[in-house]
Every structure is written in structure tokens, then in C-alpha cells.
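Read the structure below first, then the notes.
In what follows, every chain begins at residue 1, and chains take the letters A, B, ... in the order their sequences are listed.
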Protein chains: 2
Amino acid sequence: MNTLAEENYLKAIYHLSLNDLNVSTNQIAAALCTKAASVTDMLKKLADKELINYERYQGVTLTAVGEKIALQIIRRHRLWEYFLVEKLNFKWDEVHEMAEELEHISSVELVDRLDKFMDYPKHDPHGDPIPDRDGNFKKHELIPVASLKLNEAGIISGVRDHSPGFLQYLDKQQLIIGKKIKITDIIAYDNSMILQVETIAIHISRDVAKNLLVAI
Amino acid sequence: MNTLAEENYLKAIYHLSLNDLNVSTNQIAAALCTKAASVTDMLKKLADKELINYERYQGVTLTAVGEKIALQIIRRHRLWEYFLVEKLNFKWDEVHEMAEELEHISSVELVDRLDKFMDYPKHDPHGDPIPDRDGNFKKHELIPVASLKLNEAGIISGVRDHSPGFLQYLDKQQLIIGKKIKITDIIAYDNSMILQVETIAIHISRDVAKNLLVAI
DNA sequence: CCAAATTTTTAGACAAGTCTAAAAAAACGA
DNA sequence: TCGTTTTTTTAGACTTGTCTAAAAATTTGG
Ligand SMILES: [Mn+2]
Ligand SMILES: [Mn+2]
Ligand SMILES: [Mn+2]
Ligand SMILES: [Mn+2]
């Protein structure tokens with residue numbers, strides 16, 4: 001239906017739209033590791049297909065149709081990640097690149113059966129919500145650990161940084177999705193924090209605290 | 001590593017090599033639904049990469065490296081087909097097109113884990129052998145039902161025609177992989193046959209008998 | 001064995017997606 | 001406000017893979 005390149009553009013625009021209402025050419029180029037000139041070319045094609053709203057120099061938004069397609073691709077990506085972790089026993093830092101390929105497998109029936117096979121998971125291994133076949137999902141309100149106050153508690157529910165390095169670090173520290181944490185100290189000097197996780201105390205930097213998300 | 005188009009050419013050449021030692025340009029064009037001129041172009045590229053042995057007008061054979069790649073793709077195709085049937089409950093006539101896409105997912109680790117997850121199946125849903133990670137497989141000697149004589153028996157173990165229509169027909173007639181059959185009559189007029197399958201007698205045409213394979 | 005039919009290759013073109021370099025528009029800032 | 005910087009678009013080129021039409025090589029059969 002759409003080419004692999006088109007799907008990647010739509011997905012990138014969707015993700016960027018979560019932070020900025022209007023997405024710029026340069027933002028897209030950075031997200032896809034391509035050049036602004038290439039992006040402009042593709043934006044014209046996507047606009048012709050009415051998947052995005054685009055006026056020269058004005059940035060873009062997804063149309064309803066474009067957003068629906070983006071959500072289908074994100075659904076596939078997250079379901080495959082869940083499959084790789086839960087069924088094939090990959091670690092959560094190993095699955096993204098494979099999912100980047102698998103998300104382009106086109107069969108709708110396949111992804112629906114995969115969803116059923118895994119009993120309709122609501123979140124991927126990184127805590128991100130999995131849209132249902134109609135593109136609907138509940139966006140849970142998560143906050144960074146960095147914004148918790150002393151003695152406040154939360155349940156680890158997501159990450160802002162999806163890089164393997166960060167995920168591996170969290171794994172090693174036992175900072176895993178679902179675990180309950182509590183802020184037992186905040187070091188004023190560098191804003192680093194000490195968390196109580198089950199019976200252990202863990203010291204994390206401000207950078208880590210900003211990229212680790214909890215539900216409260 | 002190799003492009004999608006290159007992988008499809010190598011796979012096609014491999015399959016055609018099973019019937020003819022030297023594979024012709026036109027055979028490849030027919031197999032891939034493309035034109036002879038396009039095939040010639042691609043053969044030059046594959047020869048440059050030393051994946052095929054090619055001299056103008058002489059047809060092609062796979063090099064050892066080319067064959068290894070072809071077998072990896074066939075391994076992926078058949079493992080995914082097995083997954084789709086055994087885990088996602090697709091029917092054997094529904095899986096080929098999806099496997100045509102899935103076979104190009106590049107991760108070696110993924111396919112090895114999938115293999116393990118399914119407990120190392122030896123044959124795909126159509127009875128075709130699944131190469132192991134090194135490309136090795138046992139080629140069982142199958143013969144068409146058409147070459148059986150009166151009162152000879154065999155176990156349904158494969159098909160020569162993989163089209164959905166043929167597979168659906170076999171399903172409906174209960175002519176399923178693993179079932180034991182015995183020739184109880186051969187009608188001289190049109191060479192059609194009557195098979196005993198468990199408690200029922202089934203009348204099949206010569207065409208069907210030629211495309212249904214048994215182990216004896 | 002040679003003319004005709006068939007197969008294969010070459011030549012030239014096109015679409016998708018990318019790039020660099022340069023021009024145009026927009027945004028910034030003194 | 002107006003010159004400078006940044007962003008975006010255009011222009012032109014390249015790669016991959018495809019096509020049609022025509023030329024060249026091979027095969028076939030009388
Ligand atoms: Mn991912
Ligand atoms: Mn994820
Ligand atoms: Mn198949
Ligand atoms: Mn098969």
C-alpha cells in the first residue's frame with residue numbers, strides 16, 4: 001500500500017508531533033538520518049497522497065488518514081517487540097532494530113493474530129502503549145523520576161531514552177518496568193537521587209532520573 | 001547485506017536449479033514475473049558479487065556463497081510458514097505470501113530463536129524440509145501418487161503444486177500431510193485413481209495424483 | 001547446413017529515493 | 001529595521017531496479 005520509505009516518514013512525523021504541533025523539515029531529516037532536501041521531496045509525495053498537510057516553509061501535520069497509518073505501524077512495531085521479548089526471550093535493549101524491519105510486514109491479519117496469540121498486551125517491553133487494531137490506546141500519564149519529591153513513590157512504567165546503553169544500564173541496576181521505587185534522598189549538589197527499590201538503595205544521576213518514567 | 005531483489009533472484013535460481021542444472025534467463029524471468037532484460041541486468045550484478053557463475057548466453061549456476069544465501073532465505077521462509085500455521089493458526093494455503101515478506105527480515109539471531117521456540121521443526125506446513133542454520137537438510141525421497149501402482153501405499157508428505165487452490169482442494173478432501181493412503185483402483189480411461197484414506201475412498205484426477213507426493 | 005524461430009543481451013528510458021550545491025524564504029538580532 | 005544567519009526549497013545528479021524496442025547470439029528443423 002505504502003512504500004517502506006513512506007511508512008518511515010509517517011511514523012517519524014507522528015512521533016515528532018507528540019512534542020511539537022508542527023513538524024519541521026529539519027526535525028524529520030534528523031530523525032531519519034537523511035538530508036533536508038530528501039525530506040522536502042518526500043513531503044510533496046505524502047501531501048499528494050493526502051497523508052500530510054503541507055505548505056512550503058510551514059512544516060507539516062498528519063491528516064487523519066496519515067495518522068491512522070502511522071498508528072498501525074507503531075502497533076506492529078510494539079507488538080513485534082513484545083513478541084521478541086516475551087516469546088523469543090530477547091532482552092529489551094535488543095529488539096528495536098528487528099522491530100524496525102518487522103513493522104513493515106503488511107498483513108493486517110498477521111498482526112491481529114499475533115496480538116491474539118500474545119493475549120492482547122497493552123504495553124510494549126519499554127512501557128509504551130500498544131494501539132489496538134483501530135489505532136486506539138490509553139495514554140497513561142507518566143512523569144520522570146526527576147520530578148518526584150523526597151519520600152514520594154512511583155512504579156517504573158516507561159523510559160524517555162530508548163537507547164540500548166540506557167536500557168542495559170537500567171537492567172543492571174534492576175530498575176525494571178513494574179518495580180516500585182521511592183525517593184529516599186536527593187543530593188542537592190548534583191540533583192542526583194537515591195531510590196529505594198525493594199530492599200536495595202540505588203543512586204542515580206539527574207540524567208537517569210530525567211529519562212526514567214513512573215506512574216504515581 | 002543483500003537487497004530484497006537480490007535475495008529473490010538467488011532464491012528463484014536455487015529453486016530452478018533443482019530441475020535444471022543450468023538456469024536460463026527466461027526461466028528466471030518467468031519465476032519472478034519480470035522481463036528477460038531485467039534479469040540480464042541483475043545477473044551481471046550477482047556475478048560481480050560472485051554469487052552466481054554467469055557467462056553471456058550460457059545460463060547461470062549458484063556459487064557456494066550464493067547457494068548458502070539462498071538456503072538461508074529458504075530456511076527463513078519455511079520457519080515463518082511453520083510459525084504462522086502452528087502458532088498463529090493460519091491454514092497452509094494462507095501463509096506463502098506472508099512468508100515471502102518475512103523471509104527478508106535479516107536478523108540471524110531472530111530466525112535461530114524462532115527455530116528454537118518451535119522446537120526445531122524439520123518440515124514446513126507443505127512438507128518441504130527446513131534447512132538448519134548451516135543450510136543442511138535431509139532431502140527425503142518423495143514420489144508422486146501418480147507413479148504408485150495398484151494396491152501400493154504411501155504417506156502423504158509433500159506437494160508439487162503450492163497454489164492456494166490446490167492446497168484448499170487437498171484440505172477439503174482430507175488429503176493432509178501425514179495421512180496414509182493406498183491405491184485401490186486406477187481408472188484406465190483417464191488415469192484417475194481411487195485412494196483409500198483411513199475409512200474413506202477418494203477419487204482423484206491424474207493432475208492431482210501428479211502433484212501430491214508420498215513417502216513409501 | 002543454413003534460414004527461421006527463439007533466446008538473450010544491449011540501448012535507452014523511467015520511477016523511487018537519495019545526495020550536494022545553490023537559491024529563496026523566514027527568522028533572528030543589533 | 002535591515003543585514004545576517006538559519007531553514008527550506010530547487011536544480012541537477014546518481015543508484016537500484018524496472019521497462020520496451022531493437023540488435024545479437026543461439027538453437028532448431030527442413
Ligand atoms: Mn522500538
Ligand atoms: Mn518499544
Ligand atoms: Mn511458501
Ligand atoms: Mn512452504
Side-chain angles (χ1 to χ4, degrees), chain A residues 1-14 16-17 19-62 66 69-70 73 100-101 103-106, chain B residues 1-14 16-17 19-62 66 69-70 73 100-101 103-106:
Chain A
M1 189 168 97
N2 301 290
T3 68
L4 189 140
E6 286 169 348
E7 291 192 345
N8 284 334
Y9 274 87
L10 291 176
K11 186 170 57 120
I13 294 166
Y14 178 89
L16 292 167
S17 297
N19 298 322
D20 305 84
L21 229 82
N22 247 45
V23 179
S24 76
T25 301
N26 268 357
Q27 282 180 299
I28 298 168
L32 295 176
C33 297
T34 183
K35 296 300 151 76
S38 309
V39 174
T40 300
D41 283 348
M42 182 59 91
L43 293 184
K44 288 180 198 162
K45 291 177 198 161
L46 294 173
D48 283 348
K49 288 186 159 198
E50 304 196 336
L51 301 175
I52 61 171
N53 305 114
Y54 168 62
E55 304 251 0
R56 275 155 73 243
Y57 296 101
Q58 300 314 123
V60 298
T61 57
L62 292 174
I69 294 170
I73 298 157
E100 285 290 302
E101 292 185 54
E103 72 188 4
H104 301 290
I105 303 296
S106 60
Chain B
M1 191 168 94
N2 300 288
T3 67
L4 189 141
E6 286 170 348
E7 291 192 346
N8 284 334
Y9 273 88
L10 291 175
K11 186 170 56 122
I13 293 166
Y14 178 89
L16 292 166
S17 297
N19 299 321
D20 306 82
L21 229 83
N22 248 43
V23 180
S24 74
T25 301
N26 268 357
Q27 283 179 299
I28 298 167
L32 295 176
C33 298
T34 183
K35 297 299 151 78
S38 309
V39 174
T40 299
D41 284 347
M42 182 59 91
L43 293 183
K44 288 181 198 160
K45 290 176 198 161
L46 294 173
D48 283 348
K49 289 188 158 197
E50 303 196 335
L51 301 176
I52 61 171
N53 306 113
Y54 168 62
E55 305 252 358
R56 275 153 75 243
Y57 296 101
Q58 300 314 124
V60 298
T61 57
L62 291 174
I69 294 170
I73 299 157
E100 286 289 303
E101 292 185 53
E103 72 189 4
H104 301 291
I105 302 296
S106 59

> Do other residues, nucleotides or ligands put more than 12 heavy atoms under 6.0 Å from the CD atom of B/Glu50?
Replying inline: no

Nucleotide of [options] approaching [X] most closely (side-chain heavy atoms):
| X | options | result |
| --- | --- | --- |
| A/Ala36 | D/dT9, C/dT8, C/dT20 | D/dT9 |
| A/Gln58 | C/dA26, D/dT8, D/dT26 | C/dA26 |
| A/Thr40 | D/dT9, C/dT10, C/dT7 | D/dT9 |
| B/Lys45 | D/dT9, D/dT16, C/dT9 | D/dT16 |
| B/Tyr54 | C/dT9, C/dT10, C/dG17 | C/dT9 |

> Does B/Glu101 use its side chain to pair, donor to acceptor, with the backbone of A/Ser106 at less than 3.5 Å?
Replying inline: yes

What is the distance from [atom1] of [X] to [atom2] of [N], rounded to the nearest Å?
| X | N | atom1 | atom2 | value |
| --- | --- | --- | --- | --- |
| B/Lys44 | C/dT8 | NZ | C1' | 10 Å |
| B/Asp41 | D/dC19 | CG | P | 10 Å |
| A/Arg56 | D/dA11 | CZ | P | 10 Å |
| A/Met42 | D/dT9 | CE | C1' | 16 Å |
| A/Leu32 | C/dT18 | CG | P | 8 Å |
| B/His104 | D/dG17 | NE2 | P | 12 Å |
| B/Glu55 | D/dA25 | CD | C1' | 14 Å |
| B/Leu4 | C/dA16 | CG | P | 17 Å |

>> As a test of understanding, state which of B/Asn19, B/Asp20, B/Asn22 forms a side chain to side chain donor-acceptor pair (under 3.5 Å) with B/Gln27.
In response: B/Asp20

> Which one of B/Lys45, B/Lys49, B/Lys11 satisfies the side chain to side chain donor-acceptor pair (under 3.5 Å) criterion with B/Glu6?
Replying inline: B/Lys49

Side-chain N,O ([X]) to OP1/OP2 ([N]) below 4.0 Å:
| X | N | value |
| --- | --- | --- |
| B/Lys35 | D/dT20 | yes |
| B/Tyr9 | D/dT18 | yes |
| B/Thr34 | D/dG17 | no |
| A/Ser24 | D/dT8 | yes |
| A/Asn26 | D/dT8 | yes |

>> Tell me the closest heavy-atom pair linking B/Ala47 and B/Ile52, and the distance in Å.
In response: N-CG1, 3.6 Å

>> Just to be sure I understand the rule, does B/Thr25 reach a base, reach only the sugar-phosphate, or reach nothing, if contact means heavy atoms closer than 4.0 Å?
In response: sugar-phosphate

> How would you label the contact of B/Ala37 with the nucleic acid (heavy atoms, under 4.0 Å): base, sugar-phosphate, or nothing?
Replying inline: base

> Got A/Met42 and A/Thr34 here, is their nearest side-chain heavy-atom distance under 4.5 Å?
Replying inline: no

>> Let me spell it out: for each of A/Ala5 and A/Tyr57, pick the nucleotide of DNA chain C with the closest heavy atom. Which residue's pick is nearer the 5' end?
In response: A/Ala5

